[in-house]
Amino acid sequence: MAPAPPALVHALADEGSLEAWGSEIVSGDPLGFVDRKPYVERLADARATAPGDEAVWTGRARVDGHACAIIASDFDFLAGTMGIAAGERICRAFDRAIAERLPVVGLPASGGTRMQEGTPAFVQMAAVSAAVRRLRDARLPYLVYLRHPTTGGVLASWGSLGHLTFAEPGALIGLTGPRVIAAMTGQAMPEGVQTAENLHAHGIIDAVVAPDGIRRVLATALDVLAPPAPHPPEVPVLQLPDDAAVDPWEAVERSRRTDRPGVRELVAACASQVTRLSGDGVGGRDDGCFAALARVQGIPSVVVAADRPPGQRGASLTAAGFRTARRAMSLADELGLPLVTIIDTAGAAISAQSEEEGLAAEVARCLAELSALRAPTLSLLFGEGTGGGAVAFLPADRVVACEHAWLAPIAPEGASEILHRTTDKAPELASAQAIASTDLRRLGIVDVVVPDRPEPGEEGATFAARVAATAAAEIGALSTQDPDARAKARAQRWLHVAQRLLAA
């Protein structure tokens with residue numbers, strides 16, 4: 001009889017869809033370990049009392065219709081610790097998922113490495129982490145739900161390598177458990193540090209989700225991640241005529257209107273099955289960076305934007321915001337999903353902290369990452385486009401601009417101050433620097449300009465829907481192209497901007 005999976009696996013799986021893997025792999029006693037009780041007796045007790053026969057259950061199931069591989073710790077079996085057999089089950093499950101082209105759902109809950117199996121169990125961390133890397137190299141999704149508690153070698157291997165990571169409310173999550181920390185250092189870990197909620201606040205976990213809600217969250221993400229991108233239907237695309245000319249200063253003033261539609265309105269008009277990435281995954285979080293998996297007009301995509309809160313001007317991202325954007329870019333590239341970047345920013349954050357966190361380097365890394373992606377890329381110049389905060393999201397395969405969006409190395413007032421030591425020349429500088437959408441199209445920086453008249457506040461939903469339709473048409477066309485040819489063409493287009501002007 002196949003071992004029983006943990007209760008959460010039953011709750012996630014569609015009825016009748018469970019299939020156990022790896023039940024022939026069980027722990028032995030490789031070291032002849034004897035503590036207060038022989039290890040062989042502890043194993044026998046665990047098998048007699050736990051639902052399963054090992055500290056991890058692996059197998060196949062459907063989650064809301066999506067076929068998945070599932071790897072789930074059984075905490076009732078020796079605290080879910082990872083011994084040699086558990087590590088081997090995990091590795092084989094990842095490799096089978098690769099062979100069967102299945103996304104993987106990881107459900108860790110563990111005290112870490114199995115002490116009774118010592119160093120041989122400890123080094124399973126390397127084997128398991130390599131197995132996750134193989135899955136990701138195969139462009140297959142890995143979703144993780146950290147349960148209470150998840151610590152040690154499990155957290156520091158397969159627990160921390162998901163494309164998306166969720167956690168149970170109140171879960172203890174940390175490399176070293178608080179009791180061991182106190183014993184080894186003589187000091188207690190501050191209250192609340194090793195909790196799901198605190199790690200979410202620091203951008204390490206994408207969301208804190210109760211067990212009765214995780215099935216819906218996983219299904220939403222799998223709706224975007226699991227299926228291949230379909231060809232979108234033909235949609236009418238409304239473009240500004242080639243001979244149109246937008247007044248640059250009018251564009252600046254319009255883009256700064258607080259009733260102008262922002263990223264939130266655009267996402268509401270065109271996106272579904274949205275799963276947000278909450279931070280950079282390494283301890284930084286900037287809520288001004290909107291990064292998410294979503295279907296854009298039905299097309300599975302990754303969306304990155306500077307989120308302008310209602311009633312405010314364009315957001316200014318911190319170093320953590322740009323790291324979050326790069327995380328999203330890498331996710332799109334790994335999974336072969338189109339990437340849509342949305343530009344509406346008053347520039348990168350200006351602060352001492354931002355400088356100390358390497359803000360300029362993060363802008364540079366975004367530029368380098370976006371320039372090299374094999375996935376289809378589309379940039380939407382949606383509103384304000386100031387400085388490094390804007391250009392970091394620009395070098396895509398195709399660039400669509402709204403009529404009254406603009407792009408400049410610094411706000412016109414800043415350019416005026418630099419050149420004339422006064423901000424009074426801002427309107428003149430806006431015209432002189434070719435920042436308007438129609439100027440950008442003439443220079444080859446923008447491909448399509450979408451009308452946004454009449455007044456933005458009068459037709460926000462219509463305007464957002466029109467931009468979304470244009471984006472869908474562009475993504476659909478890009479998705480049919482050969483990735484190598486597309487990447488080469490992208491590199492050439494940005495070189496040609498300068499070359500055309502130098503030749504003139």
Side-chain angles (χ1 to χ4, degrees), residues 3-9 20-59 70-94 104-132 144-162 165 167-168 171-184 189 194 196:
L8 183 58
V9 175
W21 296 345
S23 56
E24 74 281 4
I25 309 166
V26 293
S27 291
D29 186 11
L31 304 180
F33 191 90
V34 178
D35 190 8
R36 289 169 297 170
K37 187 175 186 177
Y39 178 42
V40 289
E41 294 184 19
R42 291 188 183 276
L43 286 172
D45 290 346
R47 292 185 182 116
T49 58
D53 62 351
E54 188 47 79
V56 66
W57 184 93
T58 63
I70 295 183
I71 302 172
S73 296
D74 185 347
F75 196 80
D76 291 330
F77 191 102
L78 296 180
T81 50
M82 188 165 71
I84 297 168
E88 182 65 13
R89 277 194 184 185
I90 293 167
C91 290
R92 291 194 192 183
F94 277 111
V104 177
V105 173
L107 307 171
S110 173
T113 296
R114 184 87 51 86
M115 292 295 101
Q116 293 89 341
E117 296 185 25
T119 299
F122 174 54
V123 298
Q124 287 292 86
M125 290 173 62
V128 167
S129 298
V132 180
V144 175
Y145 182 54
L146 302 173
R147 297 179 290 146
H148 175 70
T150 303
T151 62
V154 167
L155 179 64
S157 57
W158 62 285
S160 294
L161 293 174
T165 303
E168 180 182 355
L172 168 66
I173 300 169
L175 183 59
T176 306
R179 179 174 60 84
V180 177
I181 289 173
M184 293 180 67
M189 178 68 72
Q194 294 177 305

Has the side chain of [X] got a donor or acceptor atom that lies under 3.5 Å from a matching backbone atom of [Y]?
X      : Y      : answer
Ser129 : Ala126 : no
Ser110 : Gly112 : yes
Thr113 : Met82  : no
Ser157 : Met125 : no

Can you tell me how far [atom2] of [Y] sits from [atom1] of [X], rounded to the nearest 0.5 angstrom?
X      : Y      : atom1 : atom2 : value
Leu107 : Glu168 : CG    : CD    : 11.0 Å
Gln194 : Thr151 : CD    : OG1   : 8.5 Å
Leu175 : Thr150 : CG    : OG1   : 12.5 Å
Asp35  : Gln116 : CG    : CD    : 7.0 Å

Identify the heavy atoms of [X] and [Y] that sit nearest to each other, and give their distance.
X      : Y      : result
Val128 : Gly87  : CG2-O, 3.8 Å
Ala167 : Ile173 : CB-CD1, 3.8 Å
Tyr39  : Ser27  : OH-CB, 4.1 Å
Gly22  : Thr58  : N-OG1, 4.4 Å
Leu172 : Pro178 : CD2-CD, 3.8 Å
Ala109 : Phe75  : O-CD1, 3.5 Å

| query | Does any non-hydrogen side-chain atom of Pro6 lie less than 4.5 Å from one of Trp57? | reply |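 They are in contact (side-chain heavy atoms under 4.5 Å apart), so the answer is yes.
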| query | Can you find a heavy atom in the side chain of Ile84 that is under 4.5 Å from one in the side chain of Pro30? | reply |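 The answer is yes; the side chains approach within 4.5 Å.
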| field | Asp74/Arg89 ion pair, N-O < 4.0 Å | value |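 A salt bridge is absent here (no side-chain N lies under 4.0 Å from a carboxylate O).
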| field | Carboxylate-amine/guanidinium contact Arg114 Glu54, below 4.0 Å | value |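 Yes.
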| message | Assess the residue pair Phe33 and Met115 against the criterion (side chain to side chain contact (heavy atoms under 4.5 Å, CB included)); give the C-alpha distance rounded to whole Å, side-chain angles, the decisive distance to 0.1 Å, and a yes or no. | response | CA-CA 9 Å; Phe33 191 90; Met115 292 295 101; 5.8 Å; no
| request: Output, in order, the C-alpha distance, side-chain angles, deciding distance and verdict of side chain to side chain contact (heavy atoms under 4.5 Å, CB included) for Arg42 and Arg36. | output: CA-CA 10 Å; Arg42 291 188 183 276; Arg36 289 169 297 170; 4.1 Å; yes
| said: Walk me through whether Leu8 and Tyr145 qualify under side chain to side chain contact (heavy atoms under 4.5 Å, CB included). | reply: CA-CA 11 Å; Leu8 183 58; Tyr145 182 54; 3.8 Å; yes
| task | Check the surroundings of atom CZ in Phe122: do more than 12 heavy atoms from other residues, nucleotides or ligands lie under 6.0 Å from it? | result |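 No, because the 6.0 Å sphere around CZ of Phe122 holds 12 heavy atoms or fewer from other groups.
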| task | Go through the steps for Arg92 and Trp21 under the test side chain to side chain contact (heavy atoms under 4.5 Å, CB included), then give the verdict. | result | CA-CA 9 Å; Arg92 291 194 192 183; Trp21 296 345; over 6 Å; no
| query | Checking side-chain contact (heavy atoms from CB on, under 4.5 Å) against Ile90, which of Val154, Ile71, Val104 comes through? | reply |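 Among Val154, Ile71, Val104, the one that satisfies the side-chain contact (heavy atoms from CB on, under 4.5 Å) with Ile90 is Ile71.
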